[in-house]
Amino acid sequence: FNMADEPTGGGNPNFWTTFKGRYTLVPAASATFDKDVVMLSCTNDVQIIGDCDLAAYTAGSAVATLPEECRPGKVVKVPVVANDGTEDRIAVLTVNLDGTITLPFDYTEGHVYFSGMNFNISDNWY
């Protein structure tokens, strides 16, 4: 019996994995993401991997839309850092039930630091 000949390469097929999946978000017309990847962990943490540049963004409109698997069952509010070209400021990001992500301020141009930010969709356990 040779473990390397097993389909799992000799690893334990029952080993706990960190992520449920890798998904893609859909940027709005006013947003450009350097990566459009969204990771969903087994503990229902949603992690947006890329940062975003904004151009002619209107407050309350969509920055992007999350895939269905990564959408919350309740509105989620998350602090993020946004730079309007002058300085970094905290903005409260809203993740809506339809998966749209919005910001509360207008940006003629700006940069939003999504990398490293995550939120939990704990109401999606079952």
Side-chain angles (χ1 to χ4, degrees):
F1 177 72
N2 185 350
M3 288 286 284
D5 293 334
E6 293 295 305
T8 62
N12 182 346
N14 299 315
F15 189 76
W16 186 79
T17 58
T18 303
F19 292 100
K20 288 182 182 178
R22 179 182 196 267
Y23 303 95
T24 304
L25 61 76
V26 179
S30 61
T32 304
F33 281 77
D34 58 4
K35 292 182 183 165
D36 59 359
V37 174
V38 180
M39 298 299 293
L40 179 61
S41 79
C42 286
T43 57
N44 290 324
D45 284 324
V46 176
Q47 301 172 355
I48 298 172
I49 303 302
D51 290 333
C52 173
D53 287 319
L54 298 173
Y57 175 77
T58 303
S61 64
V63 172
T65 303
L66 293 171
E68 194 169 326
E69 297 86 352
C70 300
R71 296 176 184 178
K74 296 167 83 171
V75 172
V76 175
K77 302 267 186 176
V78 183
V80 294
V81 175
N83 187 300
D84 62 4
T86 306
E87 64 181 289
D88 290 343
R89 297 188 180 160
I90 301 293
V92 178
L93 178 87
T94 301
V95 183
N96 296 294
L97 302 181
D98 63 359
T100 55
I101 299 169
T102 64
L103 291 165
F105 306 113
D106 292 338
Y107 291 95
T108 303
E109 62 180 46
H111 185 82
V112 183
Y113 296 90
F114 284 102
S115 295
M117 185 270 310
N118 68 345
F119 59 91
N120 192 275
I121 52 174
S122 59
D123 50 332
N124 290 353
W125 283 109
Y126 303 102

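Values reported hereafter were calculated over all heavy atoms of this structure, with side chains retained and with hydrogens, waters and symmetry mates removed.
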K.L.:
Could you please spell out the steps behind the side chain to side chain contact (heavy atoms under 4.5 Å, CB included) verdict for R71 and V46?
P.N.:
CA-CA 9 Å; R71 296 176 184 178; V46 176; over 6 Å; no
K.L.:
Considering non-hydrogen atoms only, spot the tightest contact between S30 and Y57 and give its length.
P.N.:
OG-CD1, 3.5 Å
K.L.:
Have a look at I101 and tell me which of T65, N96, V78, I48 forms a side-chain contact (heavy atoms from CB on, under 4.5 Å) with it.
P.N.:
I48
K.L.:
Could you check whether any side-chain heavy atom of L103 comes within less than 4.5 Å of a side-chain heavy atom of L54, counting everything from C-beta outward?
P.N.:
yes
K.L.:
Please determine whether residues V80 and I49 belong to a single hydrophobic cluster, defined as Ile, Leu, Val, Met, Phe, Trp and Tyr linked transitively by side-chain heavy-atom distances below 4.5 Å.
P.N.:
no
K.L.:
Could you tell me whether a side-chain N or O of Y107 sits under 3.5 Å from a main-chain N or O of V112, the two making a donor and an acceptor?
P.N.:
no
K.L.:
Taking all heavy atoms of C52 and all of F114, pick out the closest pair and write down the distance.
P.N.:
CB-CE1, 3.6 Å
K.L.:
ring-ring contact (aromatic ring centres under 6.0 Å, His included) with F105: which residues, sequence neighbours excluded?
P.N.:
none
K.L.:
How about D88 and N83: does a side-chain donor come under 3.5 Å of a side-chain acceptor?
P.N.:
yes
K.L.:
Can you tell me if D51 and S115 form a side-chain donor-acceptor pair at under 3.5 Å?
P.N.:
yes
K.L.:
Return the CG to SG distance between N44 and C70, rounded to the nearest 0.5 Å.
P.N.:
9.5 Å
K.L.:
Closest heavy-atom contact between Q47 and N118?
P.N.:
CG-CB, 3.6 Å
K.L.:
How many angstroms lie between atom CG of D84 and atom NE2 of H111, to the nearest 0.5 angstrom?
P.N.:
12.5 Å
K.L.:
Tell me which one of T94, V92, T58 satisfies side-chain contact (heavy atoms from CB on, under 4.5 Å) with T102.
P.N.:
T94
K.L.:
So which atom in L25 and which in A64 form the shortest heavy-atom distance, rounded to 0.1 Å?
P.N.:
CD1-CB, 3.8 Å
K.L.:
Has N120 got a side-chain atom pairing as donor or acceptor with T43's backbone, closer than 3.5 angstrom?
P.N.:
yes
K.L.:
Identify whether L93 and Y23 are in the same connected component of the hydrophobic contact network (ILVMFWY, side-chain heavy atoms under 4.5 Å).
P.N.:
yes
K.L.:
Working to the nearest 0.5 angstrom, can you tell me the gap between D36 CG and T24 OG1?
P.N.:
5.0 Å
K.L.:
Indicate, with yes or no, if V63 and M117 share a hydrophobic cluster defined by side-chain heavy-atom contacts under 4.5 Å among Ile, Leu, Val, Met, Phe, Trp and Tyr.
P.N.:
yes
